[in-house]
Colleague: 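This is the structure I have questions about; it appears just below.
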There are 4 protein chains.
Amino acid sequence: MRNEQARQDILDAALALAAADLDGLTVDAIAARAGVGKQTIYRWWPSKWAVVLDALVERAATDVSPGTGTPERRLATFLATSFASLETSTGPVLRALMARAQFDAEFAEVFRGRLVEPRRAVLRELLAEGSGRRGADLDALVDMLFGAMWYRLLVGHGALDRAFARRLARLAVASSPPEPMG
Amino acid sequence: MRNEQARQDILDAALALAAADLDGLTVDAIAARAGVGKQTIYRWWPSKWAVVLDALVERAATDVSPGTGTPERRLATFLATSFASLETSTGPVLRALMARAQFDAEFAEVFRGRLVEPRRAVLRELLAEGSGRRGADLDALVDMLFGAMWYRLLVGHGALDRAFARRLARLAVASSPPEPMG
Amino acid sequence: MRNEQARQDILDAALALAAADLDGLTVDAIAARAGVGKQTIYRWWPSKWAVVLDALVERAATDVSPGTGTPERRLATFLATSFASLETSTGPVLRALMARAQFDAEFAEVFRGRLVEPRRAVLRELLAEGSGRRGADLDALVDMLFGAMWYRLLVGHGALDRAFARRLARLAVASSPPEPMG
Amino acid sequence: MRNEQARQDILDAALALAAADLDGLTVDAIAARAGVGKQTIYRWWPSKWAVVLDALVERAATDVSPGTGTPERRLATFLATSFASLETSTGPVLRALMARAQFDAEFAEVFRGRLVEPRRAVLRELLAEGSGRRGADLDALVDMLFGAMWYRLLVGHGALDRAFARRLARLAVASSPPEPMG
DNA sequence: CCATAAGCGAGACGGTACGTCGGGTCTTGAG
DNA sequence: CTCAAGACCCGACGTACCGTCTCGCTTATGG
C-alpha cells in the first residue's frame, strides 16, 4: 500500500534538484529534500534516473498542438514547440537521461517506452496526415527530424531555434514524393 | 620526455577494456592492464574518456570512400559504411563517449572537435557535390542524416542496416530542389 | 487481551533462530517465523533481546541440584552442571545477551534481575551452607566463581569442563577460613 | 607505504569519540574527526572496534607495579590499580569491546591476544611469585580474579573499589595451600 | 662519466555517492 | 478491534571510483 504523498514529494524533489544542479542530484539529496528515507526511493524505483524520468513524464506538459496551415507550416510549428520545450531545465535533464540510457539497458527500455516512443508516435501521426508516405519511410523521416533534434541537443554544435525548425520542415516536406493523383 | 610505449599500452588497454565491458572501464583497470601507474594516465589525459576517444580516433579506420554512381547511390554507400563501422565494439564505445559528453563540457568540446565535426565535414562535402544546396540547408541535411544515425544508435529503436541507409539516401536526395537550370 | 498463542510462537521463533544463527536473529525474521506482525513483538517486548531473554528464562531448565557429599563435592557438581548447560545453544545466546546488556541499560537491568541475580542467589545459598562466611565474603566468592565462568564463556580462552569445575570448587573451599570452634 | 600521521589521527579520533559517546562511535565519525577517508580506515582495520582496540592497547598505560609488601598486599594493590583504570572512559570501552567479541570471532581472537592474554600473563606472574602453585591452579586463580573483575564490570551488580580488591586478594591468598616445607 | 631532474610503477590518500541492512514506528485492510 | 503485513524514516554500513599525492627506482641527457 504505497504512500502517494511520499511519491509526489519524491518526484517534486527530484525535479527541483535536477533543474537546479544535475551534479547535485543524489539519491541522498532527493530523499532529504522529500523528507523520505532512501529506502523508500529504492523500494519503488531502480535508480534516481528512473525517478527523474517518472517526474518528467508525469509533470511535463506534452500537449503539442501544431496549429493550422499547410502541412509544412504545421510541421514547423510542431518542431519549434518541441525545441522550445528544451530551453528550460528540460533540455539538460533529457540529455542526462539519454546519457544514462547508454549504460543501463533496463533504464534504456523504460526511457524508450515512456518517453521516446510516445513522442515519435505524435510526430509520425503528424507526418502521415495528408501524405502518401507509407510505414518505413515515415519512420525514417521521424528519425531524421527527431534525430536532428537530439543530435543538436546532445552535441551542441547548432542552435535549436525557430529557423532550424522551419528548415527541417521544408526539407522534410520536400522529400515527399508528389501526391499520387486520382 | 614522454614514454611512447606507455602511451600505446594505455590506448590498447583502454580499447580492450572498453570492448570487453564498458562498466569495467575504470582508470585503475586501464592502468593495471597497461602496466602503468595511474598518474601516468592523468599526466597526459584529463579523464579515462579522453583516453578512449584518443584510442578510437587513432585506431579507427576512417576511410570512407563512397564509391561511384549516382549521388543517391554514393550517399547510400557512405551511410551504409558508416553504419557498418558501428557493428563492432565501436558502437557501444561511441555511445559511452556521447553519454560522457553530456556531463563534461570540456570533454564535449574535444569530442565534437576530434570526432563529430570531422565526420560531419566528410558528409557535408559529399552532399555538396553536384547539388545546388547552400550552407544552412547542407548543415540541416547533415544533421538529419547523422542525427538519424545517432538517434538509432543511442535509443536502439531501429536497426542501422543497409536498408535504412538506402532509405535515408533516397529521402535526402528527394528533399533536394531540382537543380536550377543555366 | 493478549494472544497467548502468539506469545509462545514468538518465543519459539526467537529461540529457534538464536540457536540456528545469531546473526540471522532479526525482528523481521522472528516475526516472519512466528507468523506474527512486527508490531505484535514491539507491543510486548522492548527489543528482540528481551524476547530472547524471556524465552531463555521460561524454557531453560534451571533446576540445579548439587546432590550430596562434602561441601566441595556439592559445589563442584553445581558448577559442572552449570557449565554443562552452556554446551548447547544456550552458551552463545547468553554471550549475546551479555553483549547486548553492555549497550542497553534498560535491558541490562532486566538481564540482571531475571537471569543473573537468581543464579547468584542459588550459588550464594550453596556456599553459605555449613560455612562461617559472612555477607561480603560470600558475594566475593560468588563473583569469583561465576566470574570465572562468564570470563571463560566470553573470552573463550579455556574450557568449561568438569575438571575446571572441580578445580574452582577446591580453590573456593580452600579459601574458607577454618570454621571457628565453639 | 602507510601514512603514520593518518594512523595516529585515526587512533586519536577513535579514542576521543569512544570516550565522549560510545553510540556516536561511527566509522564515518572517526573518519571525519581524523580528517581521513573512510577507506583509509577500512584499508588497515577490519572494523571500528579493531581501531578502538589498537588505540586502547597503544595508548593505555599498562604499567601496573604492585609495589611491595606481603603477597596479599601486593595482589590487592595490583587489583585495585586494575580496577581504578576502569574508572575513566576505559571501562565502558572495554565493555563495548568485550561485547563486540561475542559477535565477531575474528575480532575476538585479536581481542584475546592483544588485550586479555597480556594482562593475564602479568597477574599469573604475580600469583606465581613465592607460591607453590602449579599451572592449572594458577590459571584458575587468574580466571577467578579477572573473572570477578569482568563480571562486575559487565553486569554492574557491585562496585569495583579498593575494598573489593582487598577482599579478593585475601580470598585468593587464603586458597593457597601452605607452602611446602624444605 | 657522472648527477640531476624528469618520468615512471605502485599504491595510499581524502572524498563522494552508492545500494543494503536492520531498528523501531505507523498505516491499512481482512477477519 | 485485533493483528498480519508491510511501508515508512532513519542512520550506519562497507564498497567502488575518482583524481591527487607521495614514494623510490629508472633513465636519459647535459655539464
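Chain letters run A, B, ... following the sequence lines, proteins first, then strands; residues in each count from 1.
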Colleague: Give each protein N/O atom lying under 3.5 Å from an N/O atom of nucleotides 27-31 of chain E, with the pair distance.
Modeller:
none

Colleague: Rounding to an integer number of Å, can you tell me how far A:Q8 CD sits from F:dA7 P?
Modeller: 19 Å
Colleague: Starting from C1' on E:dC13, measure out to CH2 on D:W45 and report it in whole angstrom.
Modeller: 13 Å
Colleague: Pick the closest DNA chain F nucleotide for C:G35 and for A:T40 by heavy atoms, then say which residue is nearer the 5' end.
Modeller: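 Looking at DNA chain F, the more 5' nearest nucleotide goes with C:G35.
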Colleague: Please tell me if the side chains of B:V155 and A:E117 come closer than 4.5 Å, counting only heavy atoms from C-beta onward.
Modeller: no
Colleague: Using whole Å, what does the distance between atom C1' of nucleotide F:dA7 and atom CD1 of A:I41 come to?
Modeller: 14 Å
Colleague: Taking the nucleotide of DNA chain E with the nearest heavy atom to each, does C:R100 or D:V36 sit closer to the 5' end?
Modeller: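 Result of the comparison: D:V36.
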Colleague: Between atom CD1 in B:I30 and atom C1' in F:dG19, what is the gap in whole Å?
Modeller: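 Roughly 13 Å, once rounded to whole Å.
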Colleague: Are C:V51 and C:W44 close enough that some pair of their side-chain heavy atoms sits under 4.5 Å apart?
Modeller: no
Colleague: Would you please name every residue forming a side-chain hydrogen bond (donor to acceptor under 3.5 Å, both in side chains) with C:E87, sequence neighbours left out?
Modeller: none
Colleague: Can you list every salt bridge (charged side-chain N to carboxylate O under 4.0 Å, His left out) pair that touches residues 6-20 of chain D, not counting sequence neighbours?
Modeller: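 Only D:E4-D:R7, D:R7-D:D54, D:R7-D:E58, D:D12-D:R59 qualify under salt bridge (charged side-chain N to carboxylate O under 4.0 Å, His left out).
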Colleague: Look at the side chain of D:K38 against the base of E:dG14 and say whether a donor-acceptor pair falls under 3.5 Å; ignore hydrogens and angles.
Modeller: no
Colleague: Applying a 4.0 Å non-hydrogen cut-off, can you work out what D:W44 is touching in the nucleic acid: base, sugar-phosphate, or nothing?
Modeller: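 Since only primed, P, OP1 and OP2 atoms lie under 4.0 Å of D:W44, the category is sugar-phosphate.
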Colleague: Whether B:K48 contacts F:dC17 is assessed here as follows: a side-chain N or O lying under 4.0 Å from the phosphate OP1 or OP2. Is that the case?
Modeller: no
Colleague: Just list the side-chain donor-acceptor pairs under 3.5 Å for residues 20-40 of chain C, sequence neighbours left out, or say none.
Modeller:
unit_1: C:D21; atom_1: OD1; unit_2: C:D23; atom_2: N; d: 3.0
unit_1: C:D21; atom_1: OD2; unit_2: C:G24; atom_2: N; d: 3.3
unit_1: C:T26; atom_1: OG1; unit_2: C:A29; atom_2: N; d: 3.0

Colleague: Roughly, in whole Å, what's the span from CG in B:D9 to P in E:dG7?
Modeller: 18 Å
Colleague: Expressed in angstrom and rounded to an integer, what is the separation of B:N3 atom CG from E:dA10 atom P?
Modeller: 13 Å
Colleague: Find the distance B:F107:CZ to F:dG19:P and express it as a whole number of Å.
Modeller: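 It is 13 Å, rounded to the nearest whole Å.
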Colleague: Closest nucleotide of DNA chain F for A:A34 versus for D:Y42: which of these residues is on the 5' side?
Modeller: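 That would be A:A34.
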Colleague: Any side-chain N or O of B:R43 less than 4.0 Å from the OP1 or OP2 oxygen of E:dC8?
Modeller: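 Yes, such a contact exists.
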Colleague: Rounded to the nearest Å, what distance is computed from the CH2 atom of residue C:W49 to the P atom of nucleotide E:dG23?
Modeller: 9 Å
Colleague: Which pairs pass side chain to side chain donor-acceptor pair (under 3.5 Å) with one or both residues in residues 101-113 of chain D, sequence neighbours excluded?
Modeller: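 Output for this query lists C:R95-D:Q102, D:R100-D:D104.
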Colleague: If the test is side chain to side chain contact (heavy atoms under 4.5 Å, CB included), which one of C:V110, C:V116, C:V52 qualifies with C:L97?
Modeller: C:V52
Colleague: Over 60° means perpendicular and under 30° means parallel, so classify the ring planes of B:F103 and A:W49, tilted if in between.
Modeller: tilted
Colleague: Would you say that D:W45 contacts D:L11 through its side chain, given a criterion of any heavy-atom pair below 4.5 Å between the two side chains?
Modeller: yes
Colleague: Do C:L94 and C:W150 have side chains that approach each other closer than 4.5 Å (heavy atoms only, starting at C-beta)?
Modeller: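 Yes, at least one pair of side-chain atoms sits under 4.5 Å.
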Colleague: Short of 4.0 Å, heavy atom to strand atom, which residues of residues 11-29 of chain A count as contacting DNA chain F?
Modeller: none
